[in-house]
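Read the structure below first, then the notes.
Just so we're clear, the structure is a prediction, and the values are computed from it rather than from any experiment.
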Amino acid sequence: MNQGWTAVATWHWVANDENCGICRMAFDGCCPDCKLPGDDCPLVWGECSHCFHIHCIVKWLNSQQVHQLCPMCRQDWKFKE
Amino acid sequence: MAANTEALNKAWKTIVDFLSPGGRPILEVSFPEIQFQSAVDILVQNGIVNIIEDWFFENVQRDIRQRVAPNFWNYYTSTACQGASEWSDNLLKAVQFLHQVSEEYKPSLQRLESISSGTHPKNSLQTFCGVQKLSDVLITLFKAIIFAQVPNGYQEGLDHFYSEAFKVFNDTNSDNKGGGNEEVERQCDGCGENTEVCRCAQIMDRFHTVNRLLDEVGILEEVSGTSATALVHEKIQQHVEAQCKGRFETSFLESLENWLDTKVLGWLNLIYTGNRTHIGADCISSFRGRLQHFLYKTYAQVQINEFFKIIIDFPESAPAVQDLKACLEKTDMRAQLISTLRSSIETRLLHPGVNTSDILTAYISAIRALRVLDPAGVILELVCDPVRKYLRCRDDTVRCIVSSLTDDGSSELLDELIKGQPLVLDESGHSDDEDEDWEKWNPDPVDADPATASKSRRASDIISMLVNIYGSKELFVNEYRTLLADRILTNFNYEIGREIRYLEHLKLRFGESQLHYCEVMLKDVADSKRINARIKEEKAQRNEQDVVEVNSMILSAQFWPAFREEKITLPEEMQKLLEAYTKKFEALKGNRTLQWKSHLGLMNIDIELKDRTINFKVSPVHAAIIMQFQEKNKWTVEELSKTLQMPATALRRKIAYWQSQGLLKEESNDTFVLVEDHRGHTHDYLMTEDDETESAMASTQAQKEEEYQIYWSYIVGMLTNLESLPIERIHSMLRMFTMQGASTMECTIQELKQFLDRKVKEQQLMYSGGVYRLPK
């Protein structure tokens with residue numbers, strides 16, 4: 001009976017929080033330096049299971065001289081593969 | 001001594017005989033001049049020569065008062081009710097009489113002139129009248145005494161006399177004497193009589209005679225001045241009205257001036273020049289200036305009264321605007337233009353009966369027309385102020401502006417948009433510009449508002465003016481965003497080249513940051529298209545075939561305006577399709593998932609009935625409803641609403657669509673059946689408002705409500721900590737905390753008060769003594 005269907009959806013990151021712990025912007029939005037969400041401003045997860053905008057966490061890690069810690073739980077930051 | 005007195009008496013008698021005007025014959029004509037001269041000499045010897053003049057004019061005055069004036073006026077009043085023609089004849093007779101009197105005085109005056117040369121006693125009548133020659137004293141006396149008492153109807157008669165002559169003159173001098181018409185035309189245009197008894201020549205003849213005689217007496221200007229001027233003014237008015245009223249596509253100034261020069265001045269020349277003694281040609285030429293001014297003024301008046309129409313017709317009416325501009329430079333009618341235009345705009349435009357889009361169209365052409373008229377923009381500012389105020393209080397103004405900006409139909413605004421200058425908003429202050437050409441600088445007109453910079457008036461273009469109705473870009477950008485979202489979600493067209501082009505234009509105007517959200521929205525559409533293609537490709541590789549081809553529009557929720565929410569649970573087979581799509585999306589984009597807005601979207605379905613197949617393009621909700629009728633033919637609203645998990649009222653609205661299509665029928669109350677057989681059925685066609693046009697976006701009202709919820713949490717926090725607060729404090733604190741971002745709306749104290757009052761009514765808040773507190 002049906003022929004074609006154009007459906008509407010919104011996409012979301014599968015994350016355990018709504019906002020990025022660093023920039024406090026929504027994950028589904030983008031970090032303050034970006035214009036476009038999604039592919040252009042992706043999320044990354046650490047082994048501690050916290051996640052951030054990639055640009056945010058990279059900036060944070062670059063600013064840490066000695067230890068690279070997760071800003072949320074202070075464990076060593078390792079990117080989750 | 002006695003002899004001396006006798007000689008004096010005799011001499012006096014001689015002088016009296018000589019100088020007595022009219023009537024009495026002059027004695028002893030054999031050597032009159034010598035006799036007169038010797039009589040004068042005697043008076044000179046006695047040092048009383050100056051009494052001659054006094055005596056003479058005393059006499060003349062009495063004569064005029066007692067004889068001339070009554071006789072003169074007698075011509076007008078003698079016959080009781082006269083026709084115009086007889087009146088003119090009487091005028092001629094009266095003037096002839098006056099001329100005769102004047103001629104009678106002439107010899108005496110000449111004599112008097114010869115004896116009194118050079119000596120002007122200070123108290124003489126001549127000095128009193130302020131004239132050079134003794135003959136002018138006589139003219140003054142004529143004017144003073146005769147025209148001191150004007151009988152009724154004199155002025156009207158005179159007016160008629162002149163206008164009749166003007167008509168004849170105008171007719172004989174007009175160029176369009178079509179030869180073919182003459183036979184048909186039984187009436188002479190000039191005198192209004194039958195052509196056979198045309199009196200044109202007679203009228204003109206009499207007219208010339210009267211003028212000549214009056215001039216010789218020296219009172220032509222006195223008699224004809226008022227009439228001629230009034231007549232000329234009237235004619236100018238008539239001519240301008242007849243020629244120019246309601247015709248805006250051509251410029252009239254030149255032809256009007258031409259007409260003035262040939263017809264009106266020609267006519268005046270006819271009266272006042274020729275070999276006139278008392279009035280020079282320079283008088284006419286100075287009069288020309290005044291008449292020209294009058295012409296401009298009349299023309300301007302006509303155009304000002306019609307200016308509203310001119311504005312509506314712009315740019316077709318551009319010549320009229322140019323004309324008016326020229327007129328305004330020469331006459332002082334700006335204030336009148338402004339007040340007339342304002343009031344006609346108010347009565348014709350600014351009332352509830354006019355569509356907002358029509359007001360906007362008129363506003364736009366007013367901007368255009370007035371900019372031509374007054375490049376400084378002051379008139380525009382003054383006139384359009386009420387329009388702006390009015391538009392501000394209409395709800396759909398922004399929507400109208402934005403939609404006309406982006407519509408295909410109205411290219412005007414689009415052209416403006418493409419011109420693309422950055423917006424000039426009111427708030428941006430301007431310093432004095434150095435780059436402006438100082439030689440071309442002009443001060444602002446006197447009626448300009450000194451508070452606003454002239455530069456901002458001049459530079460602002462139409463789009464800025466429209467945006468300035470509200471003075472905020474945000475409102476416009478938000479409205480544009482909603483419209484854009486609506487367009488995308490009703491058309492589901494993946495080709496967005498055009499939209500992108502618009503967006504680029506708008507970005508030039510409103511700045512990049514304002515339109516960032518819209519950019520993301522368009523990118524969503526492009527991305528969705530790509531994802532759809534990828535998924536389709538994959539399917540093709542795996543040779544999968546679906547019953548329904550699902551495409552999706554995947555949106556970045558953060559950047560879209562709030563969606564209209566609607567509760568529905570789609571039938572399982574539909575759900576499965578969506579789930580399958582979600583799986584594929586998740587495989588494609590790591591860590592991301594989809595949340596379906598099941599009520600939005602567009603389904604292209606074929607409905608196979610017993611006797612035919614019908615194609616529909618409907619929303620998924622509609623499709624879900626009709627699908628239920630596949631299983632069984634009869635559903636009650638209650639059952640349906642349970643299966644689809646949607647509220648009964650919403651469901652009924654949707655069913656109404658199918659009813660109107662003749663597919664469903666309300667068999668009994670709340671029970672619907674599928675109409676399989678088309679023939680022989682009368683459908684209960686319902687006139688339903690087209691559900692399809694319902695916006696996919698939440699209404700502004702709903703959006704606002706949502707924003708207030710954010711405020712409410714802040715307000716509760718405030719009041720918990722500080723116990724009680726007046727509204728001003730609440731507002732300022734809210735501004736501090738929440739109203740900073742670009743996307744948050746501005747909230748006025750009034751709006752806040754309304755919101756708080758509602759909360760008081762809902763008993764979530766208490767208000768007493770000017771402060772708000774939370775109930776305990």
What part of [X] gets closer than 4.5 Å to chain A, counting heavy atoms only: side chain, backbone, both or neither?
| X | answer |
| --- | --- |
| B/I488 | neither |
| B/F585 | side chain |
| B/K523 | side chain |

[X] vs [Y] side-chain heavy atoms within contact, under 4.5 Å:
| X | Y | value |
| --- | --- | --- |
| B/N591 | A/W45 | yes |
| B/K617 | A/T6 | no |
| B/L489 | A/V8 | yes |

Per-residue tally against chain A (heavy atom, under 4.5 Å) across B/P620, B/S598, B/S556 peaks at B/S556

So which of B/D524, B/I554, B/T593 has the biggest tally of heavy-atom pairs under 4.5 Å with chain A?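 Counting heavy-atom pairs under 4.5 Å, the top option is B/T593.
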
Could you name the residues of residues 50-69 of chain A that have a heavy atom within less than 4.5 Å of a heavy atom in chain B? none

Report the distance from atom [atom1] of [X] to atom [atom2] of [Y], rounding to the nearest 0.5 Å.
| X | Y | atom1 | atom2 | result |
| --- | --- | --- | --- | --- |
| A/L36 | B/F559 | CG | CZ | 8.0 Å |
| A/K35 | B/E512 | NZ | CD | 6.5 Å |
| A/T10 | B/W560 | OG1 | CH2 | 11.0 Å |
| A/W11 | B/E586 | CH2 | CD | 13.5 Å |

Top contributor to chain B interface from A/A7, A/A26, A/A9 [non-hydrogen pairs under 4.5 Å]: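 Option with the greatest count: A/A9.
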
Begin from the C-alpha positions of A/D39 and B/R592 and carry the test salt bridge (charged side-chain N to carboxylate O under 4.0 Å, His left out) through to its verdict. CA-CA 10 Å; A/D39 292 339; B/R592 268 171 274 179; 2.8 Å; yes

Heavy-atom nearest pair, A/G29 first then B/Q558, reads N-CG, 3.6 Å

